[in-house]
Protein chains: 2
Amino acid sequence: MGGKKSQGDAEIRRSLLHPLTWFYFIFVVVVAALFGGGWEKGREGEDEGRRGLEKKRKRAMSVEEVKEAPLEQEPQQATKEPEPVVTYKAIVLTGFGGYDKLKVELKKDTPIPKSGEILVRVKACGLNFADLMARQGLYDRLPAAPPLVPGMECSGLVEAVGDDVADRKVGDSVIVMNRAGLWSELVVIPASNTFLMPDGMSFEEAAAIPANYVTAYMMIYDFANLRPNQSILIHMAAGGVGTAATQLCKIVKDVTIFGTASAAKHEVIKEQGVTHPIDYSTLDYADEVRKISPNGVDIVLDPLGGSDTTKGFNLLKPMGKIILYGAANLLTGPKRNPLAIAKLWWNKFTINSLQLLHSNKAVCGYHLGYLQIDQIQDAVTKLLSLYKEGKIKPRIDSVWSFEQIGDAMKQMQERRNIGKVILVPEAKKAEN
Amino acid sequence: MGGKKSQGDAEIRRSLLHPLTWFYFIFVVVVAALFGGGWEKGREGEDEGRRGLEKKRKRAMSVEEVKEAPLEQEPQQATKEPEPVVTYKAIVLTGFGGYDKLKVELKKDTPIPKSGEILVRVKACGLNFADLMARQGLYDRLPAAPPLVPGMECSGLVEAVGDDVADRKVGDSVIVMNRAGLWSELVVIPASNTFLMPDGMSFEEAAAIPANYVTAYMMIYDFANLRPNQSILIHMAAGGVGTAATQLCKIVKDVTIFGTASAAKHEVIKEQGVTHPIDYSTLDYADEVRKISPNGVDIVLDPLGGSDTTKGFNLLKPMGKIILYGAANLLTGPKRNPLAIAKLWWNKFTINSLQLLHSNKAVCGYHLGYLQIDQIQDAVTKLLSLYKEGKIKPRIDSVWSFEQIGDAMKQMQERRNIGKVILVPEAKKAEN
């Protein structure tokens, strides 16, 4: 998290350049829409540059620094004392594009954990909206350009332990978080990127915890500061974050939950705890909320972006909070859609300090990818104890084998899932 | 809170018009700087219009509506059964400008509380930064144009009770909140705008609670969600909100408080609980904070506006929150300063949803003047019980008579106060 200040300054400069940037962007988008392939090529060149930079950064990083920037780390392979080479499956993103860009490859390697690291045999992996965006080249936190192994969460068994690892031993069941690289049968990872699984938790449940529950937890209990008798609007209430958020809201007394989902999912999300399911595809959700709560809601969780952010902001009661945590409106089909990008940019919510001063509202941005493990440690610890108390339980929508990665992504992209979509290394039939 | 939606829409439209508005504003400011008097006159004409509108609104408001919009209410005089006329002192703002625009007048009236109202004999009034802004014509929540009686908080004794008031009786000590009209010896006010004073609380302390403590409480415990071991930057730490905020932060375990104030005040604010006082007049406060806390702070309370908001935002740690609640940078002297207005406008902080999405930060706007009594009821109730527990105690800087209103304002404007500046109706020597 080095260049924090210069990053902030850059943001300000960017906002000052705003009108110019705007027109430039539209120009680029129109050109890209006309000459789609050319844009892809241009981006690939840019990615080459990024990859070179990434390699340099990795070379410059000592083992001591691993703890400093764990989420920046890719699983590493040991170099000294090469052991018999092992083979294992991994899902590889071969380039940006549709479902066909993901392939299962057989890796040959000698995965030995170095100091501070452990070797994990992966049992289950979580699929996230960010992975779908990444496939389309729309996720800015991929640590390198393709080809690379994606995957930001998994669970498994510790198979070997490096030096200076005191709190993990062979046979431990662990939850693993990383910026990428976890959709693999074997993973070498800093021990500090892992958490011990509570008794009774399945590997599928464990793989469903990191991204969705941490996101929901930090949004609801930190930014939104949810309290008894308040109301909240949860978009995509049947999704991974949606079901996690619903369960976490239910822990607070008398919270009214408005949740959007297609009508077919209403029964299930009601069972999960949503007070008022809204079919966003046939009704205006803001109107529906106001019919029941004319003054609006206390909290809006916004994974959509674009004009929905403005709509959410306007739906807030005094002292209300909207938390932006995604741009699902970008995902209109299996491939990147330049018009959706332009629309999102054009309709983006903008506010200045003079407008905010009179609003009695809060606008928050949340992005797990920009946080480090030590910044989310509290949330994970609290979540695991809530699991032990039986207050949360990940809802698994379906389980797919590595080979079915395309179908698994389709399940999410076409919004058919209710709960978490899980990948497992071994061939297994889908249950949906 | 009717036109919430259209107000939100207007904000969006305004932000779309942004570049145009900007240049138009600078043009207006430059013209105003050159022909200052003309601008004043123009505004007075505009104010006439506002006043007419305000009168109409008052006529249209029934007694039943009083509870709906208590902060919109001006103290009202009874009309039926006229009693012997009484005379009482009140401070009147005769026009926008310097200290001389405030005059003590003798009112002749028959103040009889109507249904739902009480008559209060005022013992002490609070002075706020908003009052200084109002005098210069910079506060947008004055209920009417001058001449009017300002004052948004006071304390006193109940002298008469209207029909349908069950929870107040003659002799009760009460705290009173209103949008204006409270710098007066006698005040007729809806009972719902008042709170019973706890035993042992002085009238001066009571008059120091509403604006400053409610603001500090809602910012720190609602928006900022302050938790143990966090850090906070409090600007103007010796001021009314500053001392209130410091006391409220001390209630949470192990909070590090950075507080800006001139060097002469450092001893006192340290006693109040500020961990690291910073002399903003000789040092860059952001640099000073980073010397002690290189990663920045969890919370910034920003009453300044302009470039300080950007500076504060950049000072935030991940998951940090900045709360904007004023524009003290506008107040550079006794009279309105068009260049300060232009500077604040030019340097205003602007952010859009795409920038926020990656920031892991929250930007909140707080304005007590746009909240209604029922929206702050919880905060007042909690504050009064914290007072009873001895956890908060307003620090009174100085007490001035109505006739000394100019000097009292000067005390604040020249940043000489440490704690709350109080007005009392009877002639009394200043204690500073």
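Letters go in sequence order (proteins before strands), and every chain restarts at 1.
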Between [atom1] on residue [X] and [atom2] on residue [Y], distance to nearest 0.5 Å:
X	Y	atom1	atom2	answer
S353(A)	I322(B)	OG	CD1	9.0 Å
D378(A)	R227(B)	CG	CZ	8.5 Å
L324(B)	H358(A)	CG	NE2	11.0 Å
K361(B)	C364(A)	NZ	SG	13.0 Å

Of all heavy-atom pairs between [X] and [Y], which one has the smallest distance, and what is that distance?
X	Y	answer
L357(A)	G326(B)	CD1-N, 3.3 Å
N360(A)	Y370(B)	ND2-CB, 3.5 Å
A362(A)	F223(B)	CB-CE2, 3.6 Å
L371(A)	P318(B)	CD2-CB, 3.6 Å
Y221(B)	N225(A)	O-ND2, 3.0 Å

Exercise. Kindly indicate, with the supporting measurements, whether the criterion side-chain contact (heavy atoms from CB on, under 4.5 Å) is fulfilled by Q375(B) and M319(A).
Key: CA-CA 9 Å; Q375(B) 291 162 346; M319(A) 300 304 291; over 6 Å; no

Quiz item: Is there a side-chain contact between F349(A) and N352(B) (heavy atoms, below 4.5 Å)?
Solution: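 No, too far: nothing below the 4.5 Å cut-off.
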
Quiz item: Are K321(A) and D222(B) side-chain neighbours, meaning at least one heavy-atom pair lies under 4.5 Å?
Solution: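 Contact flag for K321(A)/D222(B) side chains = yes.
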
Exercise. Identify which part of Y366(A) has an atom lying under 4.5 Å from any heavy atom of chain B, answering side chain, backbone, both or neither.
Key: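 Both parts, backbone and side chain.
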
Self-check item: Region of I323(A) in contact with chain B, defined by heavy-atom distances below 4.5 Å
Solution: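 It is neither, since no heavy atom gets under 4.5 Å.
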
Self-check item: L344(B) versus chain A, the contacting section by heavy-atom distance below 4.5 Å
Solution: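 Contact with chain A: side chain only.
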
Quiz prompt | Evaluation steps, side-chain contact (heavy atoms from CB on, under 4.5 Å), between I351(A) and T350(B) | solution = CA-CA 6 Å; I351(A) 198 157; T350(B) 301; over 6 Å; no

